[in-house]
Protein chains: 2
Amino acid sequence: MGFLSRERVLSMPTRKLESVVSLNDIRVACKACSLKEICLPVGIDKDDLDHLDAIIDRKRPLARGEHLFHVGDNFQSIYAVRSGSLKTYTTSEDGQEQVMGFQLPGELVGLDAIAENCHPLAAKALETTSVCEIPFDELEKLSGQIGGLQHQLLRVMSQEIRDDEQNMVILGQKSAEQRLAAFLIGLSNRFRRRGFSANQFNLSMSRSDIGNYLGLALETVSRLFTRFQNEGLLSVDRKHIELLDRDQLYTFSGAHCAADEAPKAQTEN
Amino acid sequence: MGFLSRERVLSMPTRKLESVVSLNDIRVACKACSLKEICLPVGIDKDDLDHLDAIIDRKRPLARGEHLFHVGDNFQSIYAVRSGSLKTYTTSEDGQEQVMGFQLPGELVGLDAIAENCHPLAAKALETTSVCEIPFDELEKLSGQIGGLQHQLLRVMSQEIRDDEQNMVILGQKSAEQRLAAFLIGLSNRFRRRGFSANQFNLSMSRSDIGNYLGLALETVSRLFTRFQNEGLLSVDRKHIELLDRDQLYTFSGAHCAADEAPKAQTEN
DNA sequence: CGCTCTGTTGACCTTGATCAATTTAGGTGG
DNA sequence: CCACCTAAATTGATCAAGGTCAACAGAGCG
């Protein structure tokens with residue numbers, strides 16, 4: 001820790017960066033962004049997209065371990081991950097951490113800060129990560145004018161509630177192995193949606209983060225990985241995961257998840 | 001079961017009711033509602049309130065056990081509880097139920113249905129319960145016009161995300177006793193906000209519902225109630241709870257809950 | 001080359017689930 | 001009003017899942 005002690009540069013007053021990444025590289029309009037069909041702009045027409053684009057700020061990437069915001073920070077903006085990944089977490093008074101979620105490209109962070117106007121969670125980069133900053137008051141103003149944007153914003157928030165509910169099911173009544181299986185299937189689905197491989201990916205988070213997120217001891221996570229590997233469900237090499245028997249894992253997870261796109265046909269509607 | 005077999009009347013085409021409760025009793029405008037400072041109308045001015053009021057539908061109360069909506073029901077409206085209480089839950093394919101939450105007067109249900117346009121959870125009355133139905137497309141249209149309403153809607157959804165996050169902490173890393181203590185403190189806070197007694201209330205839900213919600217066996221819940229009672233923290237008589245040592249319970253819950261109004265001074269900001 | 005951080009594996013123990021037996025309350029019908 | 005029935009709650013006894021403690025092994029970095 002500490003060779004890069006200027007954390008939180010993102011929330012510092014804007015300053016020119018002539019460093020590693022040139023501003024031109026960062027300035028990619030929503031229109032040209034491969035993630036536009038995943039994050040906010042879904043279903044917004046071309047003209048309106050320009051308006052949205054105008055309020056979005058692209059910043060220099062965060063280094064691994066750098067914070068996007070801290071607990072209690074004043075709420076100004078929500079953020080969309082462009083590349084890399086984040087974890088959000090709180091620290092309870094006795095100092096122990098609770099990981100609340102991981103954010104992949106195309107996903108938004110900070111929606112939980114609207115209510116109280118300050119961030120209840122901290123967000124930290126798990127690897128080199130770049131984000132789009134979306135000033136919330138401007139977004140709100142804009143979404144009053146653009147019907148599609150308002151609807152999309154509500155949809156995204158609703159989806160977040162839904163995902164959290166899904167997590168409650170997992171934490172509330174699944175066994176350790178079901179939790180890890182569900183976690184992996186969930187990640188896999190999210191990667192696939194973003195155009196990454198669904199069966200082969202790197203975990204940017206530590207075993208400890210996974211365990212913490214799933215309400216398990218890190219040792220349990222580790223044991224389960226080796227067990228899943230022995231059973232031929234997947235292969236693990238440190239951070240790299242390859243899912244070998246996705247169906248079996250899915251069954252294992254005891255899923256029914258309205259939230260994920262289920263690999264089997266819908267039985268009701 | 002079954003003397004009242006006409007469930008889901010609420011979602012049937014409107015029909016005149018000359019029965020138990022007269023329509024005049026039900027027709028209470030938002031303006032006159034004691035809950036308006038809790039549910040949606042917060043911070044909306046008098047004129048706009050009339051507009052909001054115009055789209056809200058007040059229905060005859062639900063009987064205990066009746067459903068407000070079922071899993072998979074088409075999403076039309078969100079609902080605000082006026083009196084009584086609801087539980088929301090899903091049923092996994094193996095038939096077991098997961099209770100996702102309890103709704104008290106002034107709280108909204110159905111926000112998680114916006115994303116997919118259908119209800120991921122069922123909502124069932126725990127006792128005689130009346131609700132306001134708020135057609136969502138009209139609400140959305142209105143909130144494009146009334147800035148305060150849009151903001152309030154986003155705030156409420158954000159708060160819901162926050163509460164769910166809080167629940168994840170509880171399910172993810174608290175002991176059985178901490179969970180129950182946190183649950184009781186949480187309920188108590190919610191009752192207080194609504195003008196009910198904070199230290200004395202009735203649980204409209206069964207031990208089994210509580211256990212399910214908290215990720216505990218119902219036997220564990222029962223045992224904890226008697227233990228808390230023996231320790232002088234509270235007194236239980238079947239459904240009736242009296243909190244005798246709220247501070248101790250609060251400490252017990254291992255809380256830090258940015259979500260609740262903490263009884264101690266804030267240490268940071 | 002050694003230090004530290006992350007991950008793996010093993011041994012043991014605690015918490016809370018499960019199974020089972022009663023008790024109590026509330027609702028129903030004679 | 002009482003006897004009966006069922007659902008909810010309590011309490012006890014047992015057991016297993018997973019947490020905790022501890023030792024060790026690689027990987028990455030200075």
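For the OP1/OP2 pair of D:dA9 and a distance below 4.0 Å, the side-chain nitrogens and oxygens of B:Lys239 include at least one atom meeting the criterion.
Following rounding to the nearest Å, A:Leu214 (CG) and D:dA17 (P) show an atom-to-atom distance of 19 Å. Taking atom CG of B:Leu224 as the reference point, atom P of D:dA9 lies 15 Å away to the nearest angstrom. Spacing between atom CD of B:Gln229 and atom C1' of D:dA9 amounts to 13 Å, rounded to whole angstrom units. Remark: P of C:dA25 and NE2 of B:His240 are 16 Å apart, rounded to the nearest angstrom. B:Phe228 places its CZ atom 16 Å from the C1' atom of D:dT10, with the value rounded to the nearest Å. In this structure, B:Asp237 atom CG and C:dA25 atom P are separated by 8 Å, rounded to whole Å. If you measure from atom CZ of A:Arg227 to atom C1' of C:dG7, you get 18 Å, rounded to the nearest angstrom. The distance between atom CG of B:Asn202 and atom P of C:dG26, rounded to the nearest whole Å, is 12 Å.
A:Thr128 is linked by a side chain to side chain contact (heavy atoms under 4.5 Å, CB included) to A:Pro61, counting only residues two or more places apart in sequence or in another chain. Residues meeting the salt bridge (Lys or Arg N to Asp or Glu O under 4.0 Å) test with A:Glu97, sequence neighbours left out: A:Lys87. The salt bridge (Lys or Arg N to Asp or Glu O under 4.0 Å) test applied to A:Arg194 returns A:Glu107, not counting sequence neighbours. In terms of the ring-ring contact (aromatic ring centres under 6.0 Å, His included) criterion, B:Phe225 has no residue partners (sequence neighbours excluded). With sequence neighbours left out, the side chain to side chain donor-acceptor pair (under 3.5 Å) criterion links A:Ser208 to no other residue.
Only one option out of A:Arg82, A:Lys59, A:Arg58 pairs with A:Glu133 in a salt bridge (charged side-chain N to carboxylate O under 4.0 Å, His left out); it is A:Lys59.
Each end of the helix from C:dC1-D:dG30 to C:dG30-D:dC1 gets its own axis, taken as the rotation carrying the C1' atoms of four end pairs onto the next four within a five-pair window, and the two axes meet at 40° to the nearest 10 degrees.
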Exercise. Once each nucleotide of nucleotides 8-17 of chain C is scored for protein heavy atoms under 4.0 Å, what B/S/- sequence comes out, 5' to 3'?
Worked result: BBBB----SS

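Ring geometry for A:His119 against A:Phe69 counts as parallel: the plane angle stays under 30°, on a 0 to 90° scale with 60° as the upper cut.
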Show me, pair by pair, the donor-acceptor contacts under 3.5 angstrom made by side chains of residues 228-239 of chain B, not counting sequence neighbours?
unit_1	atom_1	unit_2	atom_2	d
B:Gln229	OE1	B:Val236	N	2.8
B:Asn230	ND2	B:Thr226	O	3.3
B:Lys239	NZ	B:Met205	O	3.3

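For residues 122-132 of chain A, no pair satisfies salt bridge (charged side-chain N to carboxylate O under 4.0 Å, His left out), with sequence neighbours left out.
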